[in-house]
Amino acid sequence: MVRQMAQILSGAGLQAGALMIVLSFFRNNGEDGLFLAASHDGLHFTELNNGMPLLKPEVGESKLMRDPSIARGPDGTFHMVWTTSWQGKTIGYANSKDLRHWSPQQAITLFPDEPNVQNCWAPELYYDAPSKDWIILWASTIKGKFPQTLGTGTRDNNHRLYMVRTRDFQSFSKPVLIYDPGFMIIDGAIFHTGKRYAMVVKNETQTPPAKYLFLIYADKLEGPWSKPGPNISGPQWAEGPSPIQLNGYWYIYFDKYRDHKYGAIRSKDLEQWEDITEQITLPTGIRHGTIFRAQSQIVEPLQSSALNIQHVANAGVLLTCNNTTIAVDAFFREGVNGYQTVPAPLLQQMETAQKPYDNIRLILATHPHRDHFDAASVARHLQHNKQAIFAGTPQLANPVRTAGASNVETITWPATRQWAGATVKFLRLPHNPPHRDTIENSALHISFCGQSLLFTGDADMTSADFAALQIPPQSIHRLFAPWWMLTGANGRRIIDTQLQPKSLWALHGDTAQPDRWQQQVRAAYPTATIAFDNRSPIQ
């Protein structure tokens with residue numbers, strides 16, 4: 001993880017209010033590139049650059065951009081390193097002054113003289129101010145080393161942590177083993193406590209399972225480092241730790257990768273840790289992020305017209321841009337057995353328009369089934385938030401009025417309306433049989449925040465129905481559809497030949513066998529975002 005000296009962490013030389021907290025991360029397998037999100041408080045993160053990658057990978061054995069680690073140097077330049085491949089000797093490197101325009105990418109060979117290197121994973125940056133050196137820290141398996149722990153991990157992996165020094169990212173010191181606790185480790189992240197160096201590390205042992213984070217300490221970067229501390233991340237398998245000091249606490253963010261969610265803990269003394277996972281809100285689908293600070297004048301241009309997309313539950317999504325939120329299929333209570341429902345605390349906040357849900361200006365629903373819509377839930381929010389409006393077909397609008405809401409608009413297909421800076425087209429898209437003749441299912445074609453978004457609801461997957469929408473191919477930035485559209489033959493034909501969207505979101509996940517359908521989606525569309533996260537949306 002990217003760590004800097006205490007004076008850089010605290011923003012010395014800059015006005016404290018001029019710094020924002022930024023998270024760099026990747027999605028899927030890293031083929032999409034670099035994503036960023038920003039926060040004022042370290043809890044609520046909003047995705048930057050309209051949720052699109054800021055840099056596409058071009059170098060390395062597999063041309064991936066996994067584990068992007070960014071650090072700001074003393075001159076204000078941002079340096080980034082990343083994992084380029086699951087197997088190989090290289091890592092990627094680039095730098096930037098503004099986080100948008102990047103230098104030509106380099107593939108750095110960390111072990112030029114070692115023929116038995118199998119991989120170079122999760123490189124992390126740390127600026128050593130006394131020596132004016134950059135430290136690159138990473139995990140590698142070198143065939144033949146540490147035979148006593150061979151077989152305790154996946155395949156023939158047998159990782160330890162290594163480091164090099166550099167001043168210009170052109171010439172590098174000889175790589176040295178920085179830490180060997182007697183078992184496999186990866187994902188080391190160095191920081192300075194003000195008195196000594198600290199490192200948060202992942203135990204990578206799989207047999208028996210011990211996939212947790214722990215802390216070690218040293219007086220010098222090269223060590224010797226202390227014995228491993230206790231598990232600080234809890235029972236879930238964890239990786240990709242990223243520490244930062246905020247408001248008197250040490251925060252560590254990390255990837256609960258088996259649970260497909262992100263976690264965070266904090267401590268004042270680095271001994272007693274508080275789990276704050278339920279307090280943080282992050283973009284959907286993030287992997288192995290890194291926390292760093294950047295000046296607001298650098299972050300704000302990336303925020304302008306930035307569209308944040310957050311999954312709520314099942315097919316429910318919140319779209320936020322310029323402090324305005326549109327809710328789609330997000331207000332429902334009872335749900336349907338086998339599909340996600342909105343967690344009760346989150347639903348309470350949403351229905352009573354508590355922050356950040358007081359920014360909702362428009363509520364939409366594709367159709368009246370109870371795993372997409374609940375009239376009483378919608379009405380309760382409208383009663384607490386007089387600035388919001390609900391719009392839908394008679395099967396949706398009439399029950400909301402009956403439940404006591406007045407700010408409701410009834411829509412008859414086809415219709416185009418404008419609210420809250422968005423243009424919404426309501427188009428008929430029949431529900432899958434046997435309900436297609438009775439259920440009013442709408443395709444919602446939303447133009448918002450400079451992007452074209454299409455929500456299909458539970459549509460019947462016929463080419464004729466989608467052709468009737470008259471949406472030009474390649475005009476949709478993001479298609480939001482149930483997962484079975486991405487895996488069924490008819491749905492894939494519609495996606496690949498008729499719609500040809502720039503990106504895909506798979507919704508409506510089955511909770512009984514989540515691994516099964518997620519694997520099917522990844523096999524069909526490896527870059528699709530799988531929305532299966534019940535955490536709170538972002539402000």
Side-chain angles (χ1 to χ4, degrees), residues 312 314-321 324-333 350-351 353 359-383 385-432 435-449 451-460 462 464-472 475-476 478-482 499 507-508:
V312 176
N314 199 41
V317 172
L318 298 183
L319 310 170
T320 301
C321 181
T324 297
T325 297
I326 299 173
V328 182
D329 284 350
F331 283 84
F332 63 98
R333 292 177 176 174
M350 291 173 59
E351 289 183 349
N359 291 329
I360 294 176
R361 296 294 177 265
L362 177 62
I363 302 175
L364 305 170
T366 56
H367 64 287
H369 283 164
R370 65 182 186 273
D371 53 343
H372 295 255
F373 167 80
D374 182 279
S377 182
V378 173
R380 190 180 184 205
H381 179 88
L382 295 176
Q383 290 161 0
N385 179 11
K386 299 302 182 181
Q387 299 182 75
I389 187 171
F390 176 79
T393 64
Q395 285 185 351
L396 299 164
N398 292 339
V400 174
R401 286 196 184 91
T402 301
S406 58
N407 37 343
V408 179
E409 183 167 342
T410 302
I411 300 298
T412 302
W413 301 307
T416 300
R417 298 287 188 272
Q418 293 184 337
W419 305 276
T423 299
V424 184
K425 295 181 180 179
F426 297 80
L427 304 167
R428 183 175 183 268
L429 193 56
H431 196 289
N432 64 303
H435 309 292
R436 61 180 298 158
D437 295 328
T438 59
I439 298 300
E440 296 173 354
N441 184 82
S442 296
L444 301 174
H445 186 187
I446 304 172
S447 298
F448 183 53
C449 205
Q451 295 200 37
S452 176
L453 317 168
L454 180 64
F455 292 79
T456 69
D458 291 355
D460 186 10
T462 68
D465 290 332
F466 279 85
L469 302 181
Q470 297 183 334
I471 296 174
S475 65
I476 300 296
R478 301 173 190 268
L479 172 65
F480 298 82
L499 297 177
L507 307 174
H508 217 308

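Numbering starts at 1 and runs along the sequence shown.
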Do you know the tightest heavy-atom contact between [X] and [Y]?
{"X": "Asp329", "Y": "Ala365", "result": "OD1-CA, 3.1 Å"}
{"X": "His445", "Y": "Ser452", "result": "NE2-OG, 2.9 Å"}
{"X": "His372", "Y": "Ala315", "result": "CE1-CB, 3.6 Å"}
{"X": "Asp460", "Y": "Phe466", "result": "O-CE1, 3.7 Å"}
{"X": "Ala379", "Y": "Ala403", "result": "CB-CB, 3.6 Å"}

Taking the side chain as C-beta and beyond, is there a heavy-atom pair between [X] and [Y] under 4.5 Å?
{"X": "Lys425", "Y": "Pro414", "value": "no"}
{"X": "Leu382", "Y": "Phe390", "value": "yes"}
{"X": "Val328", "Y": "Ile326", "value": "yes"}
{"X": "Arg380", "Y": "Arg333", "value": "yes"}
{"X": "Thr366", "Y": "Thr456", "value": "no"}
{"X": "Phe332", "Y": "Asn314", "value": "yes"}
{"X": "Phe426", "Y": "Thr393", "value": "no"}
{"X": "Arg401", "Y": "Thr410", "value": "yes"}

Any chance you could measure [X], atom [atom1], to [Y], atom [atom2], to the nearest 0.5 Å?
{"X": "Ser447", "Y": "Ile476", "atom1": "OG", "atom2": "CD1", "result": "8.0 Å"}
{"X": "Ser377", "Y": "Ile363", "atom1": "OG", "atom2": "CD1", "result": "8.0 Å"}
{"X": "Ile389", "Y": "Leu364", "atom1": "CD1", "atom2": "CG", "result": "9.5 Å"}
{"X": "Leu444", "Y": "Leu453", "atom1": "CG", "atom2": "CG", "result": "10.5 Å"}
{"X": "Glu440", "Y": "Trp413", "atom1": "CD", "atom2": "CH2", "result": "5.0 Å"}
{"X": "Asn359", "Y": "Thr324", "atom1": "CG", "atom2": "OG1", "result": "7.0 Å"}

Do His369 and Asn441 have a side chain donor and acceptor closer than 3.5 Å?
no
Any residue meeting side chain to side chain contact (heavy atoms under 4.5 Å, CB included) with Asn385, in chain and number order, not counting sequence neighbours
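With sequence neighbours excluded, Asn385 shows a side chain to side chain contact (heavy atoms under 4.5 Å, CB included) to Ala353, Ile360, Arg361, His381, Gln387, Ala388, given in chain and number order.
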